[in-house]
Asks: 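Supplied in structure tokens, the structure appears directly below.
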There are 2 protein chains.
Amino acid sequence: MKPKIQDVAKAAGVSPTTVSRVLNNRGYISQATKDKVYDAMETINYIPNDLARSLYNQKTNLIGVIVPSTSNPFYGELVAEIEHACNTKGYKVLLCNSLHEADKEQEYWDMLQRNQVDGVIVVTYNRGLVPKNHAAPSVAIDHYISSHMHVVSSDNYQGGEAATQELLSQGCQKPIHINGPLTLDTPANLRRQAYEDVMRENHKDPMTYEIPDVAYLNINMETIKRIFQDHPDVDGIFASDDLLAIKVIQYATSLGYSIPNDLKVVGYDGTDLIQTIYPELTTIVQPIAAIAETSLTVLEKQMKHESQPEKENVLPIQMKKGHTT
Amino acid sequence: MKPKIQDVAKAAGVSPTTVSRVLNNRGYISQATKDKVYDAMETINYIPNDLARSLYNQKTNLIGVIVPSTSNPFYGELVAEIEHACNTKGYKVLLCNSLHEADKEQEYWDMLQRNQVDGVIVVTYNRGLVPKNHAAPSVAIDHYISSHMHVVSSDNYQGGEAATQELLSQGCQKPIHINGPLTLDTPANLRRQAYEDVMRENHKDPMTYEIPDVAYLNINMETIKRIFQDHPDVDGIFASDDLLAIKVIQYATSLGYSIPNDLKVVGYDGTDLIQTIYPELTTIVQPIAAIAETSLTVLEKQMKHESQPEKENVLPIQMKKGHTT
DNA sequence: CTTTTTATGTCAACCGGTTGACATATAGTA
DNA sequence: TACTATATGTCAACCGGTTGACATAAAAAG
């Protein structure tokens, strides 16, 4: 049997209460006793049971994180940053990959609640899933999950502006925007809005294509092909994520387009990974670490009830100019 | 206050024991009572407390997963597959990113034990860290952590053979191997061994370079530069992972080498991501999903004590021929 | 030589759910 | 009618650690 506090007490020749006092730094304890207790814990290999502690304390230090999938580099990096931020502050991460499936998201929410998580960070696509009785602090990254949930995102409008202006300033006459499904109510739609606004400001007709499927890596090449069929004279593309941008570049290159001479391409996300293996890509860099930290801060504010966090937290993006524009 | 079993009992007009019986399908319960109980749970928004359950049951259904970082696509995909396998079988994943730091790994092991995880899946680099008293089932992926820990890996020797033979069969006279730090005691070193064996069988001198640092994405370009300085006539490179292979290709291209005419390159890992954005890369594909599933199976066998799992589980690799060889 | 402060022990309740033992009552069956 | 299977209740112990109340005693301070 695993040693418990009783065993430590016996080994150290003190009472269980004293052991608990040592462990929680409560009341008066002499250094000698502390040493005895720690020695005893060492010799009998005592490991505190956080389950029991959490049950009594009504605090688990668990944070649930729901993302589509860590196999996508953006979410992989985001999760790594969230986990890092959590670890720094003593929280532990329960990881959930929703795979864009609504029922999975729902199951994960329930699971996290059953496990008494102190908070939930969610990057997910399906609205209205959050149980109405969900009392745990929660924050959504880049998505409007429900009207009363806090949101952290990067400045998608600014990003859309920067991308579009980059294409125009590089001389594109007919830049096209490709985005994900607009049925999703996400701040990322502001990227498209910004594109359209900038185009109109420049007296150009915005032209957008929509990728119907959000399934990861299952990028619908049909849409990309259609763009080049419809507009062989396209000279600029603003893709709503880097993978899409790379797919566009590959397809365009296969058609004989020279990048950036015939066609300029801007991506979005700017993960370390893509920047490493595709450094030539011009892209809008999201502040992933800052998003992670801000999300946790928002959660903590909710937990401590001390100050009401901002409903919407928007973080600045950066443009990273490569050789594709 | 969150509703508890007592509240459900009151709302349903039954005893707490009956509610528990309904929840755990124990003893005799009439359908009518079941319905009453479920209805009551619904109306008062009851959510079972898994902490309390786990405490009594001595089973948390938590699996600890320690990887260097999910920001690396290989680990990102591996974690996604592990989480998926766990979810399918009712386990939950506590995620730990060790960042290759020994003390972090140690802390995570301790944390996982305090949280009473049912098992640990670890992909880590530092030997001898596992607490001697670590009783929880555990399995290492691709690394020999301690002499008595079970290991799951892909067939690294076969992978090394396949990669080297591919280069030779494509006419390389002087293929060079680049690998990670050999101080790490990992089955991945078999890749190098296989390379050396195949070279000798073909009466060639093996030539290997070692990347000193394991820090992610912090690939030491110095080593790559040195290879081309030392051997401008190099005509084949077998890199021990895809990112390294891509870096080599980029550098070689910048020097004016034409791939695959002047230089052929084989990578390793074959993640979906790299296959998507760099489909031209010839690489050795690790069976990531199978590794994840096997690891969990090994853990489960240990948990159930029913059958002793194999000490070492080696899964077959596949070569994916692209246009870089 | 009191009065505090420090140090430790005993005991029981509690966190929320589970389970075995035992009691009781109704419905179905031999 | 007697027997059994079904259905539900009461009660207490337990999982492992925490905490408040209270007692006691030695050391430090006045």
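Numbers restart at 1 for each chain; the letters A, B, ... are given by sequence-line order, proteins then strands. Just so we're clear, the structure is a prediction, and the values are computed from it rather than from any experiment.
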Asks: Would you say Glu83(A) and Tyr91(A) are linked by a side-chain donor-acceptor pair, where the criterion is simply a distance under 3.5 Å?
Replies: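 Checked: Tyr91(A)/Glu83(A) side chains show no N/O donor-acceptor pair below 3.5 Å.
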Asks: What is the nucleic acid contact for Gln6(B), judged by heavy atoms within less than 4.0 Å: base, sugar-phosphate only, or nothing?
Replies: nothing
Asks: Quick one: the side chain of Ser54(A) and the base of dC15(C), do they pair up donor-acceptor inside 3.5 Å?
Replies: no
Asks: Could you check which of dC15(D), dG16(C), dT8(C) has an atom nearest any side-chain atom of Asn49(B)?
Replies: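 Out of dC15(D), dG16(C), dT8(C), the nucleotide with an atom closest to Asn49(B)'s side chain is dG16(C).
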Asks: Can you tell me the distance, in whole Å, between the NZ atom of Lys10(A) and the C1' atom of dT10(C)?
Replies: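 Lys10(A) atom NZ is separated from dT10(C) atom C1' by 16 Å.
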Asks: Is there a donor-acceptor contact under 3.5 Å linking the side chains of Lys104(A) and Asn87(B)?
Replies: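 Looking only at side-chain atoms, Asn87(B) and Lys104(A) do form a donor-acceptor pair, the distance falling under 3.5 Å.
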Asks: So, OP1 or OP2 of dC14(D): does either fall under 4.0 Å of a side-chain N or O from Gln58(B)?
Replies: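 For dC14(D), neither OP1 nor OP2 has a side-chain N or O of Gln58(B) closer than 4.0 Å.
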Asks: On a plain distance test, is the side chain of Arg26(B) in donor-acceptor contact with the base of dG20(C) below 3.5 Å?
Replies: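 A donor-acceptor contact between them is absent.
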Asks: Closer to the 5' end of DNA chain C via nearest nucleotide, is it Gln31(A) or Pro16(A)?
Replies: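 Its nearest nucleotide lies further toward 5', so the answer is Gln31(A).
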Asks: Do you see a donor-acceptor pair shorter than 3.5 Å between the side chains of Lys59(A) and Asn61(A)?
Replies: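 Note: Lys59(A) and Asn61(A) side chains meet the donor-acceptor criterion.
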Asks: Please state how far atom CD1 in Ile5(B) lies from atom C1' in dT8(D), giving the value in whole angstrom units.
Replies: 15 Å
Asks: Whole angstrom is fine here: how far is it from CG in Leu51(A) over to P in dG17(C)?
Replies: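 Taking CG of Leu51(A) and P of dG17(C), I get 13 Å after rounding.
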Asks: Does Ser20(A) reach a base, just sugar-phosphate, or nothing at all? Heavy atoms under 4.0 Å.
Replies: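 If one applies the 4.0 Å heavy-atom cut-off, Ser20(A) turns out to touch a base.
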Asks: If you check the Tyr56(B) side chain, which of dC15(C), dT18(C), dT8(C) turns out closest?
Replies: dT18(C)
Asks: Just by distance, no angles: are the side chains of Lys92(A) and Asn115(B) close enough, under 3.5 Å, to form a donor-acceptor pair?
Replies: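 There is such a pair between these side chains.
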Asks: Consider the side chain of Tyr28(A), meaning its heavy atoms from C-beta on, and name the nucleotide among dG9(D), dT18(D), dT8(C) that approaches it most closely.
Replies: dT8(C)
Asks: Ignoring hydrogens and geometry beyond distance, is a side-chain donor-acceptor pair present between Asn97(A) and Ser69(A) at under 3.5 Å?
Replies: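 No.
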Asks: Which nucleotide sits closest to the side chain of Leu55(A): dG16(D), dT18(D), dA7(D)?
Replies: dG16(D)
Asks: So which nucleotide from dG9(C), dT5(C), dT18(C) ends up closest to the side chain of Val14(A)?
Replies: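 Of dG9(C), dT5(C), dT18(C), dG9(C) is nearest to the side chain of Val14(A).
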Asks: Once you round it to whole Å, what is the distance between C1' of dT18(D) and NZ of Lys4(A)?
Replies: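 Value for this atom pair: 15 Å.
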Asks: Taking the nucleotide of DNA chain D with the nearest heavy atom to each, does Ala32(B) or Lys2(A) sit closer to the 5' end?
Replies: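 Result of the comparison: Ala32(B).
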Asks: Would you say the side-chain atoms of Ser30(A) and Thr33(A) include a donor-acceptor pair closer than 3.5 Å?
Replies: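 Yes.
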Asks: Of the candidate nucleotides dT8(C), dT18(C), dT18(D), which contains the atom at the shortest distance from the side chain of Asn24(A)?
Replies: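 Of dT8(C), dT18(C), dT18(D), dT18(D) is nearest to the side chain of Asn24(A).
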Asks: Find the distance Arg53(B):CZ to dC15(D):P and express it as a whole number of Å.
Replies: 19 Å
Asks: Expressed as a whole number of angstroms, how long is the span from Lys59(A):NZ to dT18(D):C1'?
Replies: 16 Å
Asks: Could you tell me how far apart Asn57(A) (CG) and dG17(D) (P) are, to the nearest whole angstrom?
Replies: 12 Å
Asks: Expressed in angstrom and rounded to an integer, what is the separation of Arg21(B) atom CZ from dT6(D) atom P?
Replies: 14 Å
Asks: Using the side-chain heavy atoms of Thr17(A), tell me which of these nucleotides is nearest: dT18(D), dG20(D), dC15(C).
Replies: dG20(D)
Asks: Taking only the side-chain heavy atoms of Ser30(B) (C-beta and beyond), determine which of dA7(D), dG16(C), dG9(D) contains the nearest atom.
Replies: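 Among the listed nucleotides, the one closest to the side chain of Ser30(B) is dA7(D).
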Asks: Any base atoms under 4.0 Å from Asp50(B), or only sugar-phosphate, or nothing? Heavy atoms, all strands.
Replies: nothing
